[in-house]
Protein chains: 2
Amino acid sequence: MRPRDESKISAINEKAIEMIADEGLENFGINKLARAVGVSPATIYIYYPDKDELINQISISEGLKMCSAVLDGFDENMNFEEGLWIQWQNRASYAMANQRGTRFFDQLRHSTYKERMQEAIGEEMKKKAGGFVKNAIKRGEINDMPMEVYWSVAFAPLYSLVKFNEDGYSLGGRKFKLTQKIMKETFSYVIKALKK
Amino acid sequence: MRPRDESKISAINEKAIEMIADEGLENFGINKLARAVGVSPATIYIYYPDKDELINQISISEGLKMCSAVLDGFDENMNFEEGLWIQWQNRASYAMANQRGTRFFDQLRHSTYKERMQEAIGEEMKKKAGGFVKNAIKRGEINDMPMEVYWSVAFAPLYSLVKFNEDGYSLGGRKFKLTQKIMKETFSYVIKALKK
DNA sequence: AAGATAAGTGAGCGAGCGCTCATTTAAAAA
DNA sequence: TTTTTAAATGAGCGCTCGCTCACTTATCTT
């Protein structure tokens, strides 16, 4: 029998990410995607049962990719400040090196497709980063607090900076650029907030 | 001449917000909207030149509504902790009282429609809340820092909590509910981060 | 009451949507 | 080499999309 053309599959996946990141979820379509990749619409349906599942599956795999990038070189037994800083650096590096993936991810995080992706990522993150926080609490480095409070204080500022950087949005006059210096500055505030 | 039926206009606007909030931007359409409101598609085009402008205008007005709600009872000469806390409370109250508006807002913040809305809101916020931060810096209550860093530390955690609350998402086992107690707890971390 | 004007309509245009099917193509198994 | 199998195709289905237009309706001015 004829084997799957794996390069075709990844071409479909990558083009889908590109189109959603660049033109928005609301302008994404299967026929358009097929034309852009250079395959028949029917070919896409060999690999995905329908449009929703295509988006779900791609979002999950892209989410897990980002997840593992964020946790690279990270160990849940690290001391708090060091471990959190590694996650910050990883997240920022990923955002810089993979702007398209970040924009894609951001489109889905607030769409009707978020549930499946959050499930997959949440599970992964809970396993690997959850223990880290519990260790820090046990060691008395930070207060005991709900996970949602922890996440909101420890990571929401970073994600906000990354988004400012993506958008090139300016609250001040000039265009914002997320430098290492600014990241360290913001990180120091977050550490001040969390450390006892 | 026949006058505009203002109740019809607001019915269109409210239904559009409802549909986008509930079904997502990618499932929103003019024919669908017209059917749901009980008017002709053509009627909608009396008030809006096209679909994009409808979304833009509604998003701007909804954004400004939220803006003024957040700044209610707020004065830029307040001391830092008090002024920030009022904005936090206002934002949370708005989110609780107007969940649909918040979900609508969240759909657009990361879509291709974000620019126009951010322009309008950014302008409004810069005027009224920008002076507040500069005062706090001048008084020596907080460090001088880029506006993006300030926003990311001062507000991103709150918006993150609001989103956890909206989604009913659970990082811990049970469903998350944004209580006054949790908000105060998180606020105390943010204040600890920012105050000298 | 008549005329003027803009609000409001319903049918439907062309285009593009998600998706399917009869068919062809390519590579593994025989 | 022939057979078998699934990958891959392209035309096109039924439908909905954003949007328009010839027309009717309601309310104002005269």
Side-chain angles (χ1 to χ4, degrees), chain A residues 1-61 104 107-108 111-113 115-116, chain B residues 1-61 104 107-108 111-117:
Chain A
M1 69 169 181
R2 194 174 173 181
R4 290 173 166 232
D5 185 340
E6 298 294 337
S7 76
K8 199 164 283 185
I9 299 176
S10 57
I12 291 170
N13 293 346
E14 275 162 36
K15 206 59 170 185
I17 290 170
E18 180 185 324
M19 290 174 73
I20 291 175
D22 292 352
E23 298 161 46
L25 199 48
E26 71 273 20
N27 298 121
F28 174 73
I30 295 290
N31 288 355
K32 232 191 209 173
L33 172 62
R35 211 177 310 121
V37 176
V39 299
S40 163
T43 303
I44 293 173
Y45 287 90
I46 295 170
Y47 300 107
Y48 298 102
D50 56 36
K51 186 192 174 190
D52 279 2
E53 262 307 297
L54 179 146
I55 294 175
N56 275 326
Q57 289 194 36
I58 291 181
S59 73
I60 289 171
S61 87
F104 167 83
Q107 286 274 333
L108 294 195
S111 75
T112 54
Y113 294 96
E115 269 100 359
R116 293 268 306 269
Chain B
M1 70 172 182
R2 193 175 172 181
R4 290 175 166 229
D5 185 341
E6 297 295 338
S7 75
K8 199 165 281 186
I9 300 177
S10 56
I12 290 170
N13 293 347
E14 276 161 35
K15 204 61 172 183
I17 291 170
E18 180 186 323
M19 289 174 74
I20 291 175
D22 293 352
E23 297 162 47
L25 200 48
E26 72 274 18
N27 297 121
F28 174 73
I30 295 291
N31 289 356
K32 234 192 211 171
L33 172 61
R35 213 177 307 121
V37 177
V39 299
S40 162
T43 303
I44 293 173
Y45 287 91
I46 295 171
Y47 300 107
Y48 298 103
D50 55 36
K51 184 192 174 188
D52 279 3
E53 262 307 298
L54 180 147
I55 294 175
N56 275 326
Q57 289 194 36
I58 291 181
S59 74
I60 290 171
S61 86
F104 167 83
Q107 285 274 332
L108 294 194
S111 75
T112 54
Y113 294 97
K114 71 188 167 203
E115 270 99 0
R116 293 269 306 271
M117 190 178 61

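First the proteins, then the strands, lettered A, B, ... as listed; each starts at 1.
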Quiz item: Nearest nucleotide by nearest heavy atom, which residue falls closer to the 5' end of DNA chain D, B:Lys51 or B:Pro3?
Solution: B:Lys51
Exercise. Return the set of residues passing side-chain hydrogen bond (donor to acceptor under 3.5 Å, both in side chains) with A:Tyr45 (not counting sequence neighbours), or none when no residue passes.
Key: none
Quiz prompt | Side-chain N,O (A:Arg2) to OP1/OP2 (D:dT5) below 4.0 Å | solution = no
Exercise. Would you mind classifying the nucleic acid contact of B:Ile46 as base, sugar-phosphate or nothing, using non-hydrogen atoms under 4.0 angstrom?
Key: base
Quiz item: Considering only heavy atoms from C-beta outward, does the side chain of A:Leu25 approach that of B:Leu25 to under 4.5 Å?
Solution: no
Self-check item: Length of the OH-C1' vector between A:Tyr45 and D:dT9, whole Å
Solution: 15 Å
Quiz item: Mind checking what makes salt bridge (Lys or Arg N to Asp or Glu O under 4.0 Å) contact with A:Lys15, not counting sequence neighbours?
Solution: A:Glu18
Exercise. Please confirm whether any donor atom in the side chain of B:Asp50 sits under 3.5 Å from an acceptor in the base of D:dG18, or the reverse.
Key: no
Quiz prompt | Closest non-hydrogen atom pair between B:Phe104 and B:Ala21, with its separation | solution = N-CB, 3.7 Å
Quiz item: Rounded to the Å, how far apart are A:Glu26 CD and D:dG18 P?
Solution: 12 Å
Quiz item: Pick from A:Leu54, A:Ile9, A:Asn13: which one makes a side-chain contact (heavy atoms from CB on, under 4.5 Å) with A:Tyr47?
Solution: A:Ile9
Quiz prompt | Given B:Glu26, B:Glu23, B:Gln107, the one that forms side-chain hydrogen bond (donor to acceptor under 3.5 Å, both in side chains) with A:Thr112 | solution = B:Glu26
Quiz item: For B:Tyr48, which contact category applies under a 4.0 Å heavy-atom criterion: base, sugar-phosphate, or nothing?
Solution: nothing
Practice problem: Hey, could you give me the CD1/CZ distance between B:Ile17 and B:Phe28, rounded to the nearest 0.5 Å? | Solution: 10.0 Å
Practice problem: Determine the minimum heavy-atom distance between B:Ser59 and B:Asn56, stating which atoms define it. | Solution: OG-O, 2.7 Å
Review item, side-chain donor-acceptor pairs of residues 32-41 of chain A, under 3.5 Å, at least two apart:
from    : atom 1 : to      : atom 2 : distance (Å)
A:Lys32 : NZ     : A:Asn27 : O      : 2.8
A:Ser40 : OG     : A:Ala42 : N      : 3.1

Quiz item: Hey, can you pull the residues of residues 5-23 of chain B with a non-hydrogen atom under 4.0 angstrom from DNA chain C?
Solution: B:Asp5, B:Lys8
Exercise. Using heavy atoms and a sub-4.0 Å distance, could you list which residues of residues 33-43 of chain B are near DNA chain C? By number, please.
Key: B:Val39, B:Ser40, B:Ala42, B:Thr43
Quiz item: In whole angstroms, how far is the P atom of D:dT16 from the CG atom of B:Asn27?
Solution: 13 Å
Quiz item: Do you know the tightest heavy-atom contact between B:Gln57 and B:Tyr48?
Solution: OE1-CE2, 3.7 Å
Quiz prompt | chain B footprint on DNA chain C, 5' to 3' - any atom under 4.0 Å from a heavy atom | solution = C:dT5 to C:dG10
Quiz item: Going from NZ on A:Lys8 to CD1 on A:Ile12, what distance comes out if it is rounded to the nearest 0.5 angstrom?
Solution: 8.0 Å
Quiz prompt | Spacing of B:Arg4 atom CZ relative to D:dA26 atom C1', expressed in whole Å | solution = 16 Å
